[in-house]
Amino acid sequence: MLVYPSGVDLSSRTLQYLSGLLAGHRRRIGSRWRRLTCGRQALLVLAHLRCGDTYARLAAGFRIGIATAYRYIREAVDLLAALAPTLEQVMTTVRKKAYVILDGTLLPIDSIAADRPYYSGKKKHHGMNVQVLTDPAGRLIWASDALPGATHDLTAARAHGIPATLAAEDIKCWADKAYQGADPAIRVPIRGKNLRGWRRRHNRDHAKIRSLGERAMAILKSWRLLRKLRCSTTQITAVVRAAVALELAA
């Protein structure tokens, strides 16, 4: 296999952060020797998450075995995933905001037609449903665990306890029509077509607020691995949480 130098569109601070995390982990477990230094392992992991490079391509580039590349990546992803905040933990940050924006996204996966729980009738392809909370400026605050793509956004939000948590904390939230009936704390557009007068203005203003939430979706999917996941569905939550941890640490 041919090998060529390439770049990763991340700052050196992100590399240093992950490298330090890995160094601390190696000291805790008493790891004496590795094929890659902490810095090289961090670069391997970031190339996988940010660029979506496969284990085989990364193994060739870093001159290690495919199994070794897999172990190094899984080790780092699990460490990062453990640092991503839970919904309860993020409420400390959310209380300081005027409101939050709730939205859901479908992360595409490799799957077959028989895997109906993962098929989204809305998007017309297989994937995993992830709920995202952003601040009024559209900055990513929190992302949920991944559920099968056939799960409706409202069902997913309730499964994660989002409406109940926001209501208990008396936090205002803007969301789209998919969350109709979730909770009074979650404000959604007025349903119906050809709306006029104040109803039309309400929906227009509502859309302007919600549109900022798309920024967080773009940030999340700038980790290109999330644009086409080829790993086991049981590992996707850890990958999402790892990406969130890196974004919050940046």
Side-chain angles (χ1 to χ4, degrees), residues 48-54 77 81 84 86-87 90 100-134 138-166 173-183 185-193 203 206-247:
H48 178 65
L49 294 175
R50 190 70 170 187
C51 304
D53 288 335
T54 63
V77 165
T86 64
L87 184 60
V90 85
V100 294
I101 302 169
L102 170 64
D103 202 358
T105 188
L106 189 77
L107 303 178
I109 62 172
D110 276 344
S111 194
I112 59 175
D115 293 333
R116 298 302 300 177
Y118 300 98
Y119 183 78
S120 169
K122 179 181 178 181
K123 299 294 185 179
K124 306 301 181 184
H125 59 75
H126 294 80
M128 299 293 284
N129 181 300
V130 173
Q131 300 294 301
V132 174
L133 286 177
T134 68
R139 289 183 291 263
L140 180 65
I141 298 176
W142 172 82
S144 72
D145 294 348
L147 295 177
T151 309
H152 189 274
D153 280 339
L154 177 56
T155 303
R158 284 172 171 164
H160 299 306
I162 299 172
T165 301
L166 293 175
C173 175
W174 266 253
D176 61 27
K177 294 179 181 178
Y179 300 90
Q180 194 87 33
D183 190 273
I186 298 180
R187 303 184 179 186
V188 298
I190 298 172
R191 301 186 69 175
K193 298 180 179 179
N203 279 7
H206 193 285
K208 288 180 181 179
I209 294 173
R210 284 190 298 104
S211 64
L212 295 173
E214 294 300 322
R215 176 187 174 192
M217 293 301 185
I219 289 173
L220 190 61
K221 292 186 178 180
S222 66
W223 299 90
R224 296 177 185 85
L225 183 65
L226 297 179
R227 298 180 189 177
K228 188 64 173 180
L229 289 153
R230 297 177 176 85
C231 60
S232 168
T233 54
T234 60
Q235 298 176 354
I236 292 176
T237 291
V239 173
V240 172
R241 291 175 64 83
V244 171
L246 287 169
E247 281 296 336

TODO: Drop me the distance from R187's CZ to H206's NE2, to the nearest 0.5 angstrom.
DONE: 8.5 Å

Task: Heavy-atom side-chain proximity of I141 to V100 below 4.5 angstrom - done: yes

Open item on the list: So, taking the atom named CZ in R215 and the one named CD1 in I101, what distance separates them when rounded to the nearest 0.5 Å?
Closed with: 10.5 Å

TODO: Would you kindly say whether W142 and Q131 are connected by a side-chain donor-acceptor distance under 3.5 Å?
DONE: no

TODO: Using side chain to side chain contact (heavy atoms under 4.5 Å, CB included) as the criterion, list what pairs up with E214, not counting sequence neighbours.
DONE: D103, M217

Task: Non-hydrogen side-chain atoms of L107 and V240 separated by less than 4.5 Å - done: yes

TODO: Could you list the residues that satisfy salt bridge (Lys or Arg N to Asp or Glu O under 4.0 Å) with R158, not counting sequence neighbours?
DONE: none

Open item on the list: When you measure from the side chain of T155 to the backbone of T151, do you find a donor-acceptor pair of N or O atoms at a distance under 3.5 Å?
Closed with: no

Open item on the list: Could you check whether Y118 and H126 have their ring centres less than 6.0 Å apart?
Closed with: no

Open item on the list: Using side-chain heavy atoms (C-beta onward) and a distance below 4.5 Å, is L102 in contact with V132?
Closed with: no

- [ ] Calculate, to the nearest 0.5 Å, the distance between atoms CH2 and CD1 belonging to W174 and I209 respectively.
- [x] 5.0 Å

Open item on the list: When you compare the side chain of R227 with that of P108, does any pair of heavy atoms fall below 4.5 Å?
Closed with: no

Task: CD-CZ distance between E247 and R139, expressed to the nearest 0.5 angstrom - done: 12.5 Å

Task: Taking every non-hydrogen atom, the tightest pair across P189 and D176 - done: CD-C, 3.7 Å

Open item on the list: Within this structure, what is the CG-CG distance for the pair D110 and L229, rounded to the nearest 0.5 Å?
Closed with: 9.0 Å

Task: pair I109-H125: side-chain heavy atoms closer than 4.5 Å - done: no

TODO: Would you mind reporting whether K177 and V188 have side-chain heavy atoms less than 4.5 Å apart?
DONE: no

Task: Separation between CG of D53 and CG of L225, rounded to the nearest 0.5 Å - done: 9.5 Å

Task: Those residues that, when tested against Q180, pass side chain to side chain donor-acceptor pair (under 3.5 Å) (two or more places apart) - done: none

TODO: For the pair R224 (side chain) and G52 (backbone), establish whether a donor and an acceptor sit closer than 3.5 Å, ignoring hydrogens and angles.
DONE: no

Open item on the list: Is there a side-chain hydrogen bond (donor to acceptor under 3.5 Å, both in side chains) between R50 and S222? Walk through the geometry before answering.
Closed with: CA-CA 7 Å; R50 190 70 170 187; S222 66; 3.1 Å; yes

- [ ] Please examine the side chains of N129 and H152, heavy atoms only from C-beta on, and report whether any two atoms are closer than 4.5 Å.
- [x] no

